[in-house]
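Remember, it's a predicted structure, so these values are computed and weren't measured experimentally. Side chains are part of it too, since the values below use all heavy atoms of this structure and drop only hydrogens, waters and symmetry mates. Note that the numbering runs from 1 along the sequence shown for the chain.
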Amino acid sequence: MSIGYSEFFVTISTEQIQLIVDFYSQLLSQQPKIYRPQIYAEFQLGGLRLAIFKPKPEHQSEFANRGSSLSFCLEVQDLEQAIAHLTDLGYPPPGEVIAASHGKEVYAYDPDGNRLILHQAIAQ
């Protein structure tokens with residue numbers, strides 16, 4: 001039996017919504033496609049939507065950061081340039097570039113501590 005999914009998108013809950021929206025606007029070099037100040041913002045990334053929202057007070061405990069292993073992975077053309085961009089935003093990656101079998105990558109974090117993986121694939 002199929003449920004019939006029509007779309008897939010990722011959401012980030014935060015108490016610091018303006019800080020997080022500003023961070024992703026600068027990181028992604030775009031403004032949200034949908035924006036409701038202090039409530040909700042949505043970015044379109046190819047076929048994926050990234051939504052950022054502030055939970056209502058009665059639901060805040062459901063969204064408390066519990067140390068999730070989920071990561072937001074961004075494929076980049078130039079990893080060094082992406083690292084410089086994050087550093088300019090005030091969120092430099094805390095570790096070194098990692099050589100992986102599929103390319104190279106570095107871990108970074110948004111202002112709420114959500115893990116970002118910046119990945120540059122091996123040239124084909």
Side-chain angles (χ1 to χ4, degrees):
M1 181 172 121
S2 173
I3 297 175
Y5 297 107
S6 62
E7 291 186 77
F8 181 79
F9 65 102
V10 175
T11 62
I12 297 173
S13 68
T14 182
E15 288 298 311
Q16 306 180 84
I17 190 161
Q18 193 59 55
L19 177 65
I20 301 301
V21 169
D22 291 346
F23 174 81
Y24 282 99
S25 293
Q26 293 174 19
L27 179 66
L28 303 171
S29 298
Q30 65 172 273
Q31 293 301 308
K33 300 294 181 198
I34 299 171
Y35 184 57
R36 295 182 194 110
Q38 298 303 314
I39 297 171
Y40 184 84
E42 188 175 295
F43 297 89
Q44 186 70 44
L45 306 163
L48 178 71
R49 291 185 299 165
L50 172 63
I52 300 167
F53 70 99
K54 182 175 181 177
K56 292 181 178 180
E58 63 269 21
H59 297 290
Q60 287 175 349
S61 66
E62 295 175 49
F63 296 99
N65 189 341
R66 295 188 177 109
S68 172
S69 61
L70 184 67
S71 298
F72 186 44
C73 188
L74 298 167
E75 182 79 35
V76 298
Q77 298 296 316
D78 183 329
L79 187 58
E80 295 305 319
Q81 185 179 14
I83 291 169
H85 184 56
L86 271 174
T87 301
D88 288 346
L89 293 176
Y91 298 92
E96 300 295 318
V97 172
I98 300 164
S101 61
H102 55 280
K104 56 186 181 176
E105 58 192 32
V106 69
Y107 302 143
Y109 299 87
D110 73 11
D112 268 349
N114 297 303
R115 185 165 77 160
L116 307 171
I117 300 174
L118 302 178
H119 175 262
Q120 181 179 333
I122 295 173
Q124 300 279 340

Quick check against the 3.5 Å criterion: does E75 have a side-chain atom that pairs as donor or acceptor with the backbone of A121? yes
Which pairs, with at least one residue in residues 103-122 and sequence neighbours excluded, count as a ring-ring contact (aromatic ring centres under 6.0 Å, His included)? H102-H119
In this structure, CD1 of I52 is separated from OH of Y35 (nearest 0.5 Å) by 10.0 Å
Could you tell me if the side chain of D110 sits less than 4.5 Å from the side chain of F72, heavy atoms only? no
Rounded to the nearest 0.5 Å, what separates atom CG in D88 from atom CG in L27? 12.0 Å
Interatomic spacing from CD in E105 to CG in L116 - rounded to 0.5 Å: 12.5 Å
Heavy-atom pair of closest approach, residues A41 and V21: CB-CG2, 3.6 Å
Atom pair OH (Y91) and CZ (F23), whose distance is rounded to the nearest 0.5 Å: 7.0 Å
Should L79 and I98 be regarded as members of a common hydrophobic cluster, given that ILVMFWY residues are connected when their side-chain heavy atoms come within less than 4.5 Å of each other, either directly or indirectly? no
Tell me, do S25 and Q31 make a side-chain contact under 4.5 Å, heavy atoms counted? yes
Regarding D22 and Q26, is there a side-chain donor-to-acceptor distance under 3.5 Å anywhere? no
Rounded to the nearest 0.5 Å, how far does CD1 of I17 lie from CZ of R36? 10.5 Å
Could you pull out the closest heavy-atom pair between V106 and G95, with the gap in Å? CG2-O, 3.8 Å
Determine whether I117 and V97 fall in the same hydrophobic cluster, where Ile, Leu, Val, Met, Phe, Trp and Tyr are linked whenever their side-chain heavy atoms lie under 4.5 Å apart. no
Spacing of CD belonging to Q120 relative to NZ belonging to K104, to within rounding of 0.5 Å: 4.5 Å
CD of Q44: more than 12 outside heavy atoms within 6.0 angstrom? yes
Please check if the side chain of T14 supplies one atom and the backbone of Q16 the other of a donor-acceptor pair under 3.5 Å. yes
Between D112 and N114, is there a donor-acceptor pair closer than 3.5 Å when you use the side chain of the first and the backbone of the second? no
